[in-house]
Amino acid sequence: MVNQIPNVTLHDGLTIPKIGFGTYRLNGNEGVQAINNAIDHGYRLIDTAYNYENEGTVGEAVRRSSTPREQLLITSKLPGRYHHYDKAVTTIQESLYRANLDYYDLYLIHWPNPIQDIYVEAWQALIEAKRRGYIRSIGVCNFLPEHLERLKQKTGELPTINQIELHPFFNQEAQRKWHQEHQIATESWSPLARTNDVFDHPVLQKLASNHNRTVSQIILRWHYQLDAIAIPKSATPSRQLENISIFDFELSNEEMSIINQLSKVDGRMKDQDPAVYEEF
């Protein structure tokens, strides 16, 4: 029996699971097998990107899966080197060809690249791609409120979702509040912080012991209670199952506060500040 993951409805009406599966560095046959295992465990929201160079792997996993395509929600992302309108539209088509899919459920601008400063063009291309039926819902990654406000000002349309760096060492409280006020769903990349520091942290270990859970489960439950959509990645079937077995316990308000107190102003893991960072 697959795990039943709660859903959330985006402001354009698309309903997606409140936890998904990350696929960064899952490639080739091993990647296909890992993604198929995740689908078998109950994951339905699968996250990839043009720059991960594994859209084909994700597409092959979709084709090999016994779960119908229409029950899966596949996300990909536009790289910074293709922000110009015409290039962006063509790149979205190329993303579909790579995965051999007729459409993406979600397509996101990977980074705003503010120095390049053509993310509005990229956003207009996503709007057009949605109009053509290439994409069901459009969003962004790593956009600050100032970038989001500009999209609204220039196009009249805000993203349905913003995928941001979010983990116990960087809880993005102000950004999450802005999203909530503007009906933008928050999605967490690297929700487990990509570091052993978080798994060895005594505060998180104590909470895990108190609930008879793993540290990963405590962190992912924290994301869920923050109303953030986490996309953990694991190629190990037992960990995949562990990561979605978080809906039968609850953290108290005090415990949530304890985890939030681990956040740091400079908590970004690789100093990837969207105000200046450029991704191509």
Side-chain angles (χ1 to χ4, degrees), residues 1-10 13-49 52 54-55 57-77 99 101 103-108 136-137 139 160-161 163 166-167 185-194 199 208 211-251:
M1 182 180 294
V2 300
N3 280 38
Q4 295 298 310
I5 300 172
N7 292 321
V8 60
T9 299
L10 305 179
L14 181 68
T15 297
I16 67 172
K18 296 198 75 171
I19 191 168
F21 184 71
T23 67
Y24 180 58
R25 292 184 176 174
L26 295 180
N27 298 83
N29 285 330
E30 289 184 3
V32 170
Q33 186 59 57
I35 296 165
N36 278 153
N37 288 338
I39 293 171
D40 289 344
H41 284 313
Y43 291 88
R44 294 294 178 263
L45 177 63
I46 311 298
D47 182 89
T48 182
Y52 296 172
N54 70 349
E55 289 170 316
T57 295
V58 171
E60 183 61 22
V62 170
R63 284 188 294 281
R64 292 189 195 179
S65 175
S66 60
T67 300
R69 165 68 181 98
E70 60 269 19
Q71 293 181 20
L72 300 171
L73 295 110
I74 313 300
T75 303
S76 196
K77 310 180 191 79
L101 296 174
Y103 64 91
Y104 279 106
D105 300 275
L106 280 158
Y107 205 86
L108 318 177
R136 296 177 68 195
S137 187
T160 59
I161 198 164
Q163 188 183 117
L166 202 170
H167 47 77
T186 298
E187 191 171 41
S188 314
W189 60 260
S190 290
L192 301 176
R194 294 190 298 193
F199 298 114
H211 285 274
N212 195 27
R213 299 284 173 161
T214 66
V215 170
S216 294
Q217 287 174 317
I218 294 297
I219 294 171
L220 292 170
R221 180 69 198 192
W222 170 78
H223 282 275
Y224 175 69
Q225 290 183 217
L226 287 180
D227 206 24
I229 303 160
I231 46 170
K233 183 203 82 172
S234 177
T236 306
S238 60
R239 290 201 186 108
Q240 293 173 355
L241 184 58
E242 172 188 311
N243 286 343
I244 52 173
S245 299
I246 61 167
F247 302 110
D248 58 349
F249 77 102
E250 187 171 356
L251 298 171

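Along the sequence shown, residues carry numbers from 1.
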Where do [X] and [Y] come nearest, in terms of heavy atoms and distance?
X    : Y    : answer
A61  : N36  : O-ND2, 2.8 Å
L220 : A230 : CD2-CB, 3.7 Å
K77  : Y107 : O-OH, 3.6 Å
P17  : R44  : CG-CB, 4.0 Å
F21  : A34  : CZ-O, 4.2 Å
S216 : F199 : OG-CE2, 3.1 Å

Original post:
Rounded to the nearest 0.5 Å, how far does OH of Y224 lie from CD of E250?
Top reply: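 The OH atom of Y224 is 9.0 Å from CD of E250, to the nearest 0.5 Å.
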
Original post:
Hey, what do you get for CD (Q163) to OG1 (T75), rounding to the nearest 0.5 Å?
Top reply: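 Here the rounded value is 7.5 Å.
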
Checking [Y] against [X]: is there a side-chain donor and acceptor pair closer than 3.5 Å?
X    : Y    : answer
N7   : T15  : no
Q33  : N29  : no
S76  : E55  : yes
N27  : T57  : no
S245 : Q217 : no

Sidechain-backbone polar pair: [X] side chain, [Y] backbone, donor-acceptor under 3.5 Å:
X    : Y    : result
H223 : H167 : no
T236 : S238 : no
Y43  : Q240 : yes
H211 : I218 : no

**OP:** Show your reasoning for whether side-chain contact (heavy atoms from CB on, under 4.5 Å) applies to L166 and T186.
**Re:** CA-CA 9 Å; L166 202 170; T186 298; 3.7 Å; yes

**OP:** Name all pairs fulfilling the salt bridge (charged side-chain N to carboxylate O under 4.0 Å, His left out) condition that reach into residues 60-71, sequence neighbours left out, sorted by first residue then second.
**Re:**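 Residue pairs with at least one partner in residues 60-71: E60-R63, E60-R64, R69-D105.
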
Original post:
With sequence neighbours left out, which residue pairs that include part of residues 215-228 fulfil the salt bridge (charged side-chain N to carboxylate O under 4.0 Å, His left out) condition?
Top reply: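 Counting only pairs at least two positions apart or across chains, the salt bridge (charged side-chain N to carboxylate O under 4.0 Å, His left out) contacts touching residues 215-228 are K18-D227.
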
Original post:
Testing T23, L45, I46 for side-chain contact (heavy atoms from CB on, under 4.5 Å) with I74, which one passes?
Top reply: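 Exactly one pass, corresponding to I46.
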
Would you say [X] and [Y] make side-chain contact, with heavy atoms under 4.5 Å?
X    : Y    : answer
W222 : L251 : yes
Y24  : N54  : no
P232 : I19  : yes
L73  : L14  : yes

**OP:** Please assess L106 against R136 for the test side-chain contact (heavy atoms from CB on, under 4.5 Å), listing each intermediate value before the final yes or no.
**Re:** CA-CA 6 Å; L106 280 158; R136 296 177 68 195; over 6 Å; no

Original post:
side-chain contact (heavy atoms from CB on, under 4.5 Å) between V8 and I229: does it pass, once the steps are laid out?
Top reply: CA-CA 9 Å; V8 60; I229 303 160; 3.9 Å; yes

**OP:** Any chance you could lay out the side-chain contact (heavy atoms from CB on, under 4.5 Å) test for Y52 and D47, step after step, and finish with the verdict?
**Re:** CA-CA 10 Å; Y52 296 172; D47 182 89; 4.0 Å; yes

